[in-house]
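Each remark here refers to the structure printed beneath this line.
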Amino acid sequence: MSIIHQMGLSFIDTVGPVSSKILLEHFGTAEAVFSARKNELLAIEGIGAVMTTQILSGKALLTAEQQLKFIEKNRIKPLFFTDPDYPGRLKECHDAPVLLYYKGTASLNHQRILSVVGTRMATAYGKNLCAELAEALRPYDVVVVSGLAYGIDVAAHRESLKHQIPTVGVLGHGLDRIYPHLHKETAYNMLKNGGLLTEFPIHTRPEKGNFPRRNRIIAGISDATLVVEATLKGGALITAELANSYHKDVYTFPGRVNDLCSQGCNYLVKTNRAALISSADDLLVNLGWETPGKKKTLHQASLFPDLSVEERKIIDILKIGTALIDEIGLKTALPQNRLSVLMFNLEMLGLVTVLPGKRYQLN
């Protein structure tokens with residue numbers, strides 16, 4: 001598949017992530033989209049006359065050619081939606097970008113990825129939490145993702161680098177610049193142990209409207225999102241809301257009720273949008289990440305001869321890893337009311353534990 005056509009698809013003004021996927025599903029490849037006839041494009045629901053005209057004009061392909069020269073020169077990797085290196089967790093989100101630009105060493109499909117976000121007005125309390133978190137995460141082979149912004153974001157990146165944890169910054173602009181400029185040295189170090197990721201092409205300035213779009217990548221690329229400190233208004237709460245919409249786990253540290261930078265965190269807990277944790281250990285337990293070097297001792301189903309066939313099916317599913325209640329329901333084809341009873345029985349037997357977000361794991 002032509003990389004020029006793949007990139008070109010992202011340069012059509014009226015074609016967003018959803019429309020791109022509709023076109024790809026219909027035609028099979030990006031190249032076929034640009035080779036399509038006018039009547040073929042107009043026949044697709046949701047693809048109107050304006051979009052059709054822009055596709056057929058060929059201007060997007062010329063822009064893509066210019067973009068390709070820059071990214072090849074600067075060793076930036078374009079990741080199209082169908083690329084095996086495209087982040088798989090993000091791909092499951094309905095509004096995932098059709099094209100990403102990445103430069104770095106960390107795998108975007110790493111086994112464990114944690115997003116860490118927070119206020120730009122970080123306090124000493126929040127920065128200390130970032131330091132304690134990084135120190136605790138170091139043995140767990142985790143990639144930490146954040147937005148390279150002032151405050152908690154850059155603290156999470158810097159503490160990760162300090163403890164040799166790969167860390168990826170998701171940007172709200174093109175890879176021909178670093179914003180804020182003061183974080184240029186941190187960004188350079190991240191390229192050696194982590195990376196920089198964006199959906200925005202070169203010459204894209206860090207405009208205000210880009211950052212909510214950036215936040216959906218931060219929320220979608222990871223296993224869970226941790227809000228360290230947050231005000232009631234700001235990008236951290238937007239990221240948490242997006243993570244919830246993607247059915248991802250969200251965690252937060254609590255704070256005093258009169259602390260401005262903890263009001264957002266307390267609100268997330270109060271409204272059941274995030275699970276409260278008081279330490280990195282709480283986070284690790286909730287995520288089901290085992291202690292390095294120690295094998296998790298699981299209760300063997302054979303020790304419970306009275307388990308039903310249905311219960312054993314559930315145990316077999318959870319042997320692979322943690323699973324949402326909906327995932328267990330799909331794999332077992334059990335009615336919701338029956339599944340709820342079985343999960344409760346297994347919990348009472350000490351075989352399973354329920355985690356935040358109705359995710360289950362074996363004990």
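All residue numbers refer to positions in the sequence shown, counting from 1.
Between the side chain of Gln67 and the main chain of Ile202, a donor-acceptor pair closer than 3.5 Å is present. Side-chain atoms of Lys91 come within 3.5 Å of backbone N or O of Phe81 as a donor-acceptor pair. Checking side-chain atoms of Asp249 against main-chain N and O of Leu287 turns up no donor-acceptor pair under 3.5 Å. Although no hydrogens or angles enter the test, the distance criterion places no donor-acceptor pair under 3.5 Å between the side chain of Ser262 and the main chain of Cys265. In this structure, Lys103 contributes its side chain and Lys77 its backbone to no donor-acceptor pair below 3.5 Å. Side-chain N or O atoms of Gln54 include one that pairs as donor or acceptor with a backbone N or O of Thr14 at under 3.5 Å. In this structure, the side chain of Asn215 does not engage the main chain of Ile238 through any donor-acceptor pair within 3.5 Å. Counting only distance, with no hydrogens or angles, the side chain of Asp153 and the backbone of Val117 share no donor-acceptor pair below 3.5 Å. A donor-acceptor pair is defined here as one N or O able to donate and one able to accept, closer than 3.5 Å; no such pair exists between the side chain of Glu65 and the backbone of Ile4. The backbone N or O of Tyr101 sits nowhere less than 3.5 Å from a side-chain atom of Thr198 that would complete a donor-acceptor pair.
No more than 12 heavy-atom neighbours from other residues, nucleotides or ligands sit within 6.0 angstrom of NZ on Lys313. Around the CZ atom of Arg205, the shell of radius 6.0 Å holds no more than 12 heavy atoms that belong to other residues, nucleotides or ligands. Other residues, nucleotides and ligands contribute only 12 or fewer heavy atoms inside 6.0 Å of the OH atom of Tyr267. Within 6.0 Å of the NZ atom in Lys38, the count of heavy atoms belonging to other residues, nucleotides or ligands does not exceed 12. Within 6.0 Å of atom CD in Gln164, more than 12 heavy atoms from other residues, nucleotides or ligands are found, so the atom counts as buried in its surroundings.
For the pair Arg120 and Phe211, the cation sits on the ring face: its NZ or CZ lies under 6.0 Å from the ring centre, inside 45° of the axis.
Ring-centre distance between His173 and Phe200: not below the 6.0 Å cut-off.
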TODO: Would you check, one step at a time, whether the test side-chain contact (heavy atoms from CB on, under 4.5 Å) holds for Ile76 with Phe70?
DONE: CA-CA 8 Å; Ile76 296 168; Phe70 177 87; 3.8 Å; yes

